[in-house]
Amino acid sequence: MNATATHSQNTNTQAITMTLPSMQVNMDRVYPFAGKGGIKKNALQKVGLNYSMKGDYRINTVDSLFFKPEMFETAKAGIQHTTSANTNMKVLKYFTLSPSANFKEVWNWDYTNRYYDPTTGTAVKERVNGFKSFREYSAGLALSTNIYGLFNFKKGRLKSIRHTIRPSISYGYRPDFANKYNQQVQQSTDPTDILTYSPFEDGIYGRPGAGLSNAVGISINNVLEAKVASKDSTNVEDQKITLLNNLNFSTSYNIAADSLRWSPVSMTAGTRFFKDKLSLNFGAIFDPYQVNENGNRINKFNPGIL
């Protein structure tokens, strides 16, 4: 458990932000179904659970109200609980299947309410003191394996190069929780002019996730290693050198989307020099879709992609 109190003050704008306190609680992963002595042989015994909680009491005020009762009138308090469970199992001898599930619950001690004021013909926003909470969850499944390629050399100090490929395909699902908690209000003299808003829009930990997420993820990780003979003739052990620490490609396909289902392909790579004293990392993003004259993505693939 960790608890902190912070004070941030801007002398130009006279704005003050305080947390009294900010508290974090983390639980180490536990395996409730493990065998005697902590043995974890099957998928049930490998089920791991963890839990974390974060709580904040946050004050936003100005110099003129500091240490006055008014500084507490706009204070916000909230607690966020998160928990997850996962396990893994061997499938067809060479594959690892890893299911997981996540749950989050957020508590707020104030929320946003909007109501229609017929005298002004507008929707009025107000802050209401009172307890209000929301919950959301997600589930996923990942399938991965390792593929090894070994290239041997008969001449020179270079003995062999090993190429390790780690492909992975995953599936994730999260319902649209925003629609469950959103509310509507008339916002003009036109009865059909309806505004949809979230009671949690000003909450410390945000609002429920919007939009259905039903996606398949694909990633490939590559590692290149070399084995070379030592320069010292008295040393019989070969040296292992990392040629390419990582070369990763990843993308995803959103089944729930009506267009632009493929996300951009992300590429990252890195290597090390001078006995790991210098690291070089770089990355790139490749978008499979075309963009229009305004720079917006359109549902047409770039030439040569498909």
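All of these numbers come straight from a predicted model, not from anything done at the bench.
Residues Val185 and Tyr111 do not share a hydrophobic cluster, clusters being chains of Ile/Leu/Val/Met/Phe/Trp/Tyr side chains in contact below 4.5 Å. Note on Leu224: it does not cluster hydrophobically with Ile220, by side-chain heavy-atom contacts below 4.5 Å among ILVMFWY residues. Both Leu260 and Trp262 are assigned to one and the same hydrophobic cluster, defined by single-linkage of ILVMFWY side chains at heavy-atom distances under 4.5 Å. Hydrophobic clustering keeps Ile147 apart from Ile161 (ILVMFWY residues linked when any side-chain heavy atoms are closer than 4.5 Å, directly or through intermediates). The cluster map of Ile, Leu, Val, Met, Phe, Trp and Tyr, joined by side-chain heavy atoms under 4.5 Å apart, puts Leu143 and Leu92 in the same cluster.
For Tyr116 against Gln186, the heavy-atom pair with the smallest separation is CD1-O, 3.4 Å. Residues Lys90 and Lys93 share a closest heavy-atom pair of CD-O, 4.0 Å. Of all the heavy atoms in Phe33 and Leu44, the pair that sits closest is CB-O, 3.3 Å. Across all their heavy atoms, Phe153 and Leu158 have their closest contact at CB-O, 3.3 Å. Pairing each heavy atom of Thr74 with each of Asn60, the nearest pair is OG1-O, 3.2 Å. The minimum heavy-atom distance between Gly209 and Asp176, with the atom names listed, is O-OD1, 3.6 Å.
Of the inter-residue distances, the one linking Phe131 atom CZ with Trp107 atom CH2 reads 6.0 Å to the nearest 0.5 angstrom. The OG1 atom of Thr145 sits 13.0 Å away from atom CD1 of Ile169, with the distance rounded to the nearest 0.5 Å. The CD atom of Gln183 sits 13.0 Å away from atom CD1 of Ile194, with the distance rounded to the nearest 0.5 Å. Atom CG of residue Asn246 and atom CG of residue Asn281 lie 7.0 Å apart, to the nearest 0.5 angstrom. The distance from the CE atom of Met53 to the CE atom of Met23 is 3.5 Å, given to the nearest 0.5 Å. For the atom pair Arg207 CZ and Glu136 CD, the distance stands at 12.5 Å (nearest 0.5 Å).
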Please tabulate, one pair per line, all N/O donor-acceptor pairs under 3.5 Å involving side-chain atoms of residues 266-273, not counting sequence neighbours.
from   : atom 1 : to     : atom 2 : distance (Å)
Thr268 : OG1    : Asn248 : ND2    : 3.4
Thr271 : OG1    : Leu243 : O      : 2.7
Arg272 : NH1    : Asn245 : OD1    : 3.2

Under 3.5 Å, which donor-acceptor pairs do the side chains of residues 76-83 form with other protein atoms, sequence neighbours left out?
from  : atom 1 : to     : atom 2 : distance (Å)
Lys76 : NZ     : Asp110 : OD1    : 3.3
Lys76 : NZ     : Asp202 : O      : 3.3
His81 : ND1    : Tyr51  : OH     : 2.7
Thr82 : OG1    : Ser52  : OG     : 2.5
Thr83 : OG1    : Asn50  : O      : 2.8

Practice prompt. I would like to know whether Arg166 and Ser168 meet side-chain hydrogen bond (donor to acceptor under 3.5 Å, both in side chains); could you show each step before the answer?
Written response: CA-CA 7 Å; Arg166 300 186 177 95; Ser168 174; over 6 Å; no
Worksheet item: Should Thr6 and Thr19 be marked as a side-chain hydrogen bond (donor to acceptor under 3.5 Å, both in side chains) after you check the CA-CA gap, both sets of side-chain angles, and the distance that decides it?
Response: CA-CA 5 Å; Thr6 64; Thr19 55; 2.5 Å; yes
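Judged by a 6.0 Å distance limit and a 45° cone about the ring axis, Lys40 is positioned over the six-membered ring of Tyr31.
Residues Lys240 and Arg162 form no side-chain contact, since every pair of their non-hydrogen atoms from C-beta on lies 4.5 Å or further apart. At a threshold of 4.5 Å between non-hydrogen side-chain atoms, the residues Tyr173 and Ile255 do not count as touching. Between Met89 and Pro99, some side-chain heavy-atom pair lies under the 4.5 Å cut-off. Side-chain contact between Ser100 and Ser84: absent, with no pair of heavy atoms (C-beta onward) separated by less than 4.5 Å. Lys68 has its side chain out of reach of Thr61: every pair of non-hydrogen atoms, C-beta onward, lies at least 4.5 Å apart. Residues Pro208 and Lys180 have side chains not in contact (no heavy-atom distance under 4.5 Å, counting atoms from C-beta outward). Using a 4.5 Å cut-off on side-chain heavy atoms (C-beta onward), Tyr171 and Asn214 make contact. The shortest side-chain heavy-atom distance between Asp56 and Tyr205 falls under the 4.5 Å cut-off.
Between the side chains of Arg114 and Thr112, no donor-acceptor pair of N or O atoms lies under 3.5 Å. Between the side chains of Asn113 and Glu126, at least one donor N or O sits under 3.5 Å from an acceptor N or O. Between Ser144 and Thr96, the side chains place no donor N or O within less than 3.5 Å of an acceptor N or O (distance only, hydrogens not considered). Using a 3.5 Å distance cut-off with no hydrogens or angles, the side chains of Asp193 and Ser188 do pair a donor with an acceptor. For the residue pair Asn146/Tyr94, the side-chain donor-acceptor check at 3.5 Å is not satisfied.
You'll find the ring centres of Phe177 and Tyr137 inside the 6.0 Å limit.
Ring geometry for Phe200 against Tyr181 counts as perpendicular: the plane angle is over 60°, on a 0 to 90° scale with 30° as the lower cut.
Ile16 belongs to a hydrophobic cluster whose remaining members, ordered by chain and number, are Met18, Leu20, Tyr57, Ile59, Phe66, Phe67, Met71, Phe72; membership requires side-chain heavy atoms of ILVMFWY residues under 4.5 Å apart, directly or through intermediates.
The main-chain N or O of Asn296 is never found under 3.5 Å from a side-chain atom of Asn294 such that the two would form a donor-acceptor pair.
Within 6.0 Å of atom CG in Asp190, more than 12 heavy atoms from other residues, nucleotides or ligands are found, so the atom counts as buried in its surroundings.
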